2 protein chains.
Amino acid sequence: MDEPTTRAAKRAATAQRILEAAQVEFGERGLEGTTVRAIAQRAGVDPSLVIQHYGSKNDLFALAARLDRESTDDDVAAHLFEVLDVRLGELPPETRALVRSMLTAPEATRAMKNFLDERVVNLARSSDDGDAELRAALTVSSILGLTIARHFLELDALADISEPQIETVLRPWLTAALGDDTALPPAPDPRTRAEP
Amino acid sequence: MDEPTTRAAKRAATAQRILEAAQVEFGERGLEGTTVRAIAQRAGVDPSLVIQHYGSKNDLFALAARLDRESTDDDVAAHLFEVLDVRLGELPPETRALVRSMLTAPEATRAMKNFLDERVVNLARSSDDGDAELRAALTVSSILGLTIARHFLELDALADISEPQIETVLRPWLTAALGDDTALPPAPDPRTRAEP
DNA sequence: CAATTGACTCTACAACCGTTGAGCGAAGCT
DNA sequence: AGCTTCGCTCAACGGTTGTAGAGTCAATTG
């Protein structure tokens, strides 16, 4: 909350404010549904400044939704763990922006497809089952469906799921989907949280 | 393919053509992404005629996506069967329109939430498990995720799944999710298809 | 302190949107 | 045949959108 003193620092600070405002708006109304003016207003700034900073609305969206996710190649367990953990609390704003526009913005569709395709092959290569890829795709798309149902549709039955319920129902279920040889990570630790 | 002779019949025919064009457009680009002009062009008609027929773009969308789904109260098995069956082929155009706009159009979000909420309670009431509702929600949202991953994101691993694969992998998996006491319907019969 | 840079606002524009009302021409009625 | 009905097109309007360019004023520099 410290006030920036130098001019460049202040500029960087407002750029950050604009980006965060954009993530909130994109995450709530999607790429087409949010206007540059709405982003500007949320950031307390003139609409043209948004363009001056990020070039265009689409460029800003690409940054806000992290359309260029680096293909993390670490192990399968960490991936799933992160997703499961994240799903218990709030979704990170860039994920919200991406998922929200996933079905209507072609760039977002492509980014999400690539992201999930990678996860599937990562998951599948730990097993040598013939149906490993299909099982992995099942697991991944289930997590996607769960995320959408809980955080975007807000299904009643998923409104408040407790940690024990996750352990007794959801975890064994996903374990079954992956096959017994693939181990899921241990119970999530709510204190650690990933940092972008 | 018979040409309509009476005037009212011709009017009804163009109305139907407009509705179907709207379903295609809405299903491909979403509510906000499709313009009345695009619908009109696909139907080979003047844009204003679209409004004259359906009042407004939003009213047309409500019809095209069947936002007012009657709460079918028949048994659980038939429901799941229908969804599973339908997922093997193409998605019906009104479903495509609804799912496509599910995350960006509030009316569509509400309609989808209500639809899925109902399915969950229908599924849950066949079992008396304490976690029955959560299990049902898991199943339903998995099917949703699968539908999205296959028909909208077009994940590589789900591009062409064969009927035997469905039987050996997907069906037992969903059976496990619901619990052993709840029986899924037998193998789908590709000849029977639901009619709107 | 004077000059200059640059972060930001103001104004405006061209494109596109959903929607309206008038008009046309053929089908229907008597 | 003459009059009416009506399915449809044409032209246009008001509003909103993303974005460009000029201007403003305070911080920086010499």
Side-chain angles (χ1 to χ4, degrees), chain A residues 2-23 25-26 28-65 67 97 101 104-108, chain B residues 2-23 25-26 28-65 67 97 101 104-108:
Chain A
D2 34 20
E3 297 258 327
T5 49
T6 107
R7 188 134 74 156
K10 181 172 163 64
R11 176 167 172 85
T14 56
Q16 180 66 21
R17 240 177 40 242
I18 291 174
L19 180 63
E20 287 171 2
Q23 284 179 328
E25 289 293 323
F26 285 141
E28 228 55 30
R29 317 196 202 293
L31 170 55
E32 295 181 307
T34 85
T35 69
V36 173
R37 294 166 213 267
I39 297 173
Q41 181 171 9
R42 179 176 289 269
V45 128
D46 189 87
S48 71
L49 190 64
V50 175
I51 302 296
Q52 288 183 27
H53 269 273
Y54 292 98
S56 77
K57 180 190 175 185
N58 282 279
D59 289 353
L60 174 54
F61 176 75
L63 252 66
L67 290 198
S101 302
T104 39
E107 323 101 276
Chain B
D2 34 20
E3 298 257 326
T5 50
T6 107
R7 190 135 73 154
K10 181 173 163 66
R11 176 168 172 85
T14 56
Q16 181 66 21
R17 241 178 39 243
I18 291 174
L19 180 63
E20 288 171 1
Q23 284 179 329
E25 288 293 322
F26 285 142
E28 228 55 29
R29 317 194 202 294
L31 170 54
E32 294 182 305
T34 85
T35 69
V36 174
R37 295 167 211 263
I39 297 173
Q41 181 170 9
R42 180 176 289 269
V45 128
D46 190 87
S48 71
L49 190 63
V50 174
I51 302 296
Q52 288 183 28
H53 269 275
Y54 293 98
S56 77
K57 180 190 175 186
N58 283 278
D59 289 352
L60 174 53
F61 176 75
L63 252 66
L67 290 198
S101 302
T104 38
E107 323 101 276

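Chain identifiers are assigned alphabetically (A, B, ...) following the order of the sequence lines, protein sequences preceding nucleic acid strands; residue numbering begins at 1 within each chain. These numbers come from the heavy atoms of this one structure, side chains and all, not from hydrogens, waters or symmetry mates. All figures in this text were calculated on a predicted structure; none of them were measured in a lab.
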A.B. asks: Whole angstrom is fine here: how far is it from CD in E25(A) over to C1' in dT17(D)?
C.D. replies: 15 Å
A.B. asks: Would you say that T104(B) contacts E32(B) through its side chain, given a criterion of any heavy-atom pair below 4.5 Å between the two side chains?
C.D. replies: yes
A.B. asks: How long is the line joining CD of Q41(A) and P of dT9(C), in whole Å?
C.D. replies: 13 Å
A.B. asks: Taking N or O atoms only and anything under 3.5 Å, show me the protein contacts with nucleotides 14-18 of chain C, one pair per line.
C.D. replies:
residue	atom	partner	partner atom	Å
dG18(C)	OP1	V36(B)	N	3.4
dG18(C)	OP1	K57(B)	NZ	3.1
dG18(C)	OP2	V36(B)	N	3.1
dG18(C)	N7	R37(B)	NH2	2.8
dG18(C)	O6	R37(B)	NH2	2.9

A.B. asks: Tell me every residue that passes side chain to side chain donor-acceptor pair (under 3.5 Å) with Q52(A), counting only those two or more places apart in sequence or in another chain.
C.D. replies: none
A.B. asks: From CG of L49(B) over to C1' of dT9(D), roughly how many Å is that when rounded to an integer?
C.D. replies: 9 Å
A.B. asks: Could you pull out all residues at least two apart from A97(B) that satisfy side-chain contact (heavy atoms from CB on, under 4.5 Å)?
C.D. replies: F26(B), A65(B)
A.B. asks: Restricting to side-chain contact (heavy atoms from CB on, under 4.5 Å), what partner residues turn up for Q41(B), sequence neighbours left out?
C.D. replies: none
A.B. asks: Through what angle, rounded to 10 degrees, does the axis of the helix from dC1(C)-dG30(D) to dT30(C)-dA1(D) turn between its ends, using five pairs per end?
C.D. replies: 0°
A.B. asks: Is the shortest heavy-atom distance from the side chain of R7(A) to the side chain of R11(A) under 4.5 Å?
C.D. replies: no
A.B. asks: Using the side-chain contact (heavy atoms from CB on, under 4.5 Å) criterion, which residues pair with A43(A)? Sequence neighbours excluded.
C.D. replies: I18(A), A21(A), V45(A)
A.B. asks: Could you tell me the separation between the CD1 atom of I39(A) and the P atom of dT17(D), rounded to a whole number of Å?
C.D. replies: 12 Å
A.B. asks: Map P47(A) and D46(B) onto DNA chain C by nearest heavy atom, then report which one ends up closer to the 5' terminus.
C.D. replies: P47(A)
A.B. asks: Hey, does the side-chain of Q52(A) have a donor or acceptor N/O within less than 3.5 Å of a partner on the base of dT9(C)?
C.D. replies: yes
A.B. asks: Atom CD1 of I18(B) and atom P of dG7(D): how far apart are they, to the nearest Å?
C.D. replies: 12 Å
A.B. asks: Please work out if S48(B) contacts a base, only the sugar-phosphate, or nothing of the nucleic acid, heavy-atom cut-off 4.0 Å.
C.D. replies: base
A.B. asks: Can you list every pair that meets salt bridge (Lys or Arg N to Asp or Glu O under 4.0 Å) and has a residue in residues 40-51 of chain A, with sequence neighbours left out?
C.D. replies: E25(A)-R42(A)
A.B. asks: Just wondering, do T34(B) and K57(B) contact through their side chains at under 4.5 Å, heavy atoms?
C.D. replies: yes
A.B. asks: What do the steps show when you test H53(A) against L19(A) for side chain to side chain contact (heavy atoms under 4.5 Å, CB included), and what is the final call?
C.D. replies: CA-CA 10 Å; H53(A) 269 273; L19(A) 180 63; over 6 Å; no
A.B. asks: Would you mind building the protein contact string for nucleotides 24-30 of chain D? One character per nucleotide, 5' to 3', B for base within reach (heavy atoms under 4.0 Å), S for sugar-phosphate only, - for untouched.
C.D. replies: --BBS--
A.B. asks: Taking only N and O in the side chain of H53(B), is any of them less than 4.0 Å away from OP1 or OP2 of dC8(D)?
C.D. replies: yes
A.B. asks: Could you pull out all residues at least two apart from N58(B) that satisfy side-chain contact (heavy atoms from CB on, under 4.5 Å)?
C.D. replies: L31(B), S56(B), E107(B)
A.B. asks: Are I51(B) and L60(B) side-chain neighbours, meaning at least one heavy-atom pair lies under 4.5 Å?
C.D. replies: no
